[in-house]
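This structure is a prediction, so every number in the text was calculated from the model and none was measured. In this chain, numbering begins with 1 at the start of the sequence shown.
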Amino acid sequence: LQTQQMAHPLFPRASRKANDFTLQQNGNLWLITGSNMSGKSSFLRTLGLNAHLAFAGAPVCADSLILTPLRIASSVQITDDPSQGWSRFYAEVKRIRSVIEAAESAPKDIPILFLIDEMLSGTNSKERRLASRRIAQRLLQAQHAFGLITTHDLDLAHLIERYPQHMFAAHFSDHFDGEALHFDYQLKSGVAQ
């Protein structure tokens, strides 16, 4: 999957920001870090939406988008479901489980692109850290899957040392000028500082 100057098609043309991004092979996991409002979730949605548009034969919001046939499995903006008796946390756990199962069972000719946004934010830090690490490891081990996880939890970045050939980091940054936060919405390499 390779994009050049990809942006979200629903953002106003005058203010939307575009980014380049490449996922080169199965087994790769990109960890996207950054502060609140820096652009992590929007980037994830931008990627997923443009991929869906491309597969539907519609124009994409990018200078170019090259991708192999694939399926998308995502966990983005999960809500509770009182009619099922599911809390937000339980609904998210079920969704992440379905993403892992799709990744682990994907055939070679149609890999899975997984997109996971701020996983397990509804639980305490210790449990979230342990579970997030294990989820990332399972996705890394899936032979025919690749994708992105957005997070505030910089502890996940320690996995990059363990999987340096398959896990990478990028971030969105902010700047505080003494009065207000400013964001440039440009994807940069490495973990957010």
Side-chain angles (χ1 to χ4, degrees), residues 1 3 6 8 17-48 72-79 87-100 103-104 112-142 145-193:
L1 182 151
T3 69
M6 179 187 63
H8 198 296
K17 303 295 182 181
N19 284 283
D20 298 343
F21 186 70
T22 301
L23 271 167
Q24 292 188 339
Q25 62 185 4
N26 291 339
N28 283 344
L29 186 156
W30 279 84
L31 190 66
I32 309 296
T33 59
S35 66
N36 284 325
M37 304 187 307
S38 64
K40 299 182 308 294
S41 297
S42 294
F43 180 72
L44 207 65
R45 291 182 178 120
T46 297
L47 187 60
I72 299 172
S74 67
S75 177
V76 178
Q77 197 172 350
I78 305 301
T79 59
S87 67
R88 183 197 167 285
F89 177 75
Y90 185 65
E92 183 178 14
V93 167
K94 287 182 68 64
R95 176 67 66 86
I96 290 172
R97 179 181 177 186
S98 72
V99 171
I100 291 170
E104 291 178 340
I112 290 292
L113 169 63
F114 57 84
L115 304 171
I116 300 177
D117 191 29
E118 298 290 349
M119 68 178 151
L120 307 177
S121 58
T123 191
N124 69 59
S125 303
K126 183 178 179 183
E127 289 175 349
R128 181 181 65 240
R129 187 170 45 253
L130 293 171
S132 294
R133 278 180 166 239
R134 186 63 188 128
I135 290 164
Q137 288 172 320
R138 293 268 305 262
L139 291 169
L140 279 163
Q141 293 166 357
F146 57 99
L148 296 85
I149 295 175
T150 65
T151 187
H152 288 103
D153 186 0
L154 300 183
D155 183 67
L156 268 180
H158 295 297
L159 285 176
I160 296 170
E161 297 164 9
R162 190 169 175 188
Y163 301 98
Q165 301 299 315
H166 299 284
M167 190 170 176
F168 308 96
H171 71 280
F172 290 96
S173 60
D174 58 69
H175 169 72
F176 183 65
D177 66 6
E179 293 183 21
L181 274 175
H182 300 277
F183 306 97
D184 65 9
Y185 306 109
Q186 296 300 296
L187 191 63
K188 301 167 185 73
S189 64
V191 177
Q193 299 301 310

Can you confirm whether Met6 sits close enough to Phe43 that some side-chain heavy atom of one is under 4.5 Å from a side-chain heavy atom of the other?
yes

Starting from the C-alpha separation in whole Å, work towards a yes-or-no answer on side chain to side chain contact (heavy atoms under 4.5 Å, CB included) for Thr33 and Leu156.
CA-CA 10 Å; Thr33 59; Leu156 268 180; over 6 Å; no

With the side chain counted from C-beta on, respond yes when Met167 and Arg162 share a heavy-atom pair under 4.5 Å apart, and no when they do not.
no

On a heavy-atom basis, the closest approach of His182 and Asp177 is NE2-OD2, 2.7 Å

Indicate the atoms forming the closest heavy-atom contact of His8 with Ser42, along with that distance.
CD2-O, 4.3 Å

So how far is it from Leu139 CG to Asn28 CG, rounded to the nearest 0.5 Å?
12.5 Å

Output yes when a side-chain donor or acceptor of Ser132 lies under 3.5 Å from a complementary backbone atom of Arg129, and no otherwise.
no

For Ser173 and Lys188, what are the C-alpha separation, side-chain angles and deciding distance, and is it a side chain to side chain contact (heavy atoms under 4.5 Å, CB included)?
CA-CA 8 Å; Ser173 60; Lys188 301 167 185 73; 3.1 Å; yes

His158 and Arg133: side chain to side chain contact (heavy atoms under 4.5 Å, CB included), yes or no, with the steps?
CA-CA 9 Å; His158 295 297; Arg133 278 180 166 239; 3.2 Å; yes

Nearest heavy-atom neighbours spanning Ala73 and Ile112
CB-CG2, 3.9 Å

Please identify which of these residues, Asp117, Leu44, Ile116, Leu115, meets the side chain to side chain contact (heavy atoms under 4.5 Å, CB included) condition with Ile149.
Ile116

What I'd like to find out is whether the side chain of Ile32 reaches to under 4.5 Å of the side chain of Leu187, using heavy atoms alone.
yes

Would you say the side chain of Leu29 lies within less than 4.5 Å of the side chain of Phe114, judging by non-hydrogen atoms?
yes

Does Arg97 have more than 12 heavy atoms from other residues, nucleotides or ligands lying within 6.0 Å of its CZ?
no

Say you draw a straight line from CG of Asp20 to OG1 of Thr3; how long is it, rounded to the nearest 0.5 Å?
6.0 Å

Return the OH to OG1 distance between Tyr185 and Thr46, rounded to the nearest 0.5 Å.
12.0 Å

Quick one: do Arg95 and Val76 satisfy side chain to side chain contact (heavy atoms under 4.5 Å, CB included)? Show the steps, please.
CA-CA 9 Å; Arg95 176 67 66 86; Val76 178; over 6 Å; no

For Gly190, is there any backbone N or O sitting under 3.5 Å from a side-chain donor or acceptor partner on His171?
yes

What heavy-atom pair brings Ser75 and Val99 nearest, and what distance separates the two atoms?
N-CG2, 4.2 Å

Are side-chain heavy atoms of Leu159 and Leu31 found at a separation under 4.5 Å?
no

What's the spacing between Gln137 CD and Ile100 CD1 if we round to 0.5 Å?
11.0 Å

Could you check whether any side-chain heavy atom of Leu120 comes within less than 4.5 Å of a side-chain heavy atom of Val93, counting everything from C-beta outward?
yes

I want to check something: taking the side chain as every heavy atom from C-beta on, are Lys17 and Asp184 in contact at a cut-off of under 4.5 Å?
no

Is there side-chain contact between Leu23 and Leu148, with heavy atoms separated by less than 4.5 Å?
yes

For residues Met119 and Ile96, report the shortest heavy-atom separation together with the two atoms involved.
CB-CD1, 3.7 Å

Pick out which of Tyr163, Trp30, Phe21 makes a ring pair (Phe, Tyr, Trp, His ring centres under 6.0 Å) with Phe168.
Trp30

In terms of side-chain heavy atoms, does Ser38 have a donor or acceptor partner in Asp174 at a distance below 3.5 Å?
no

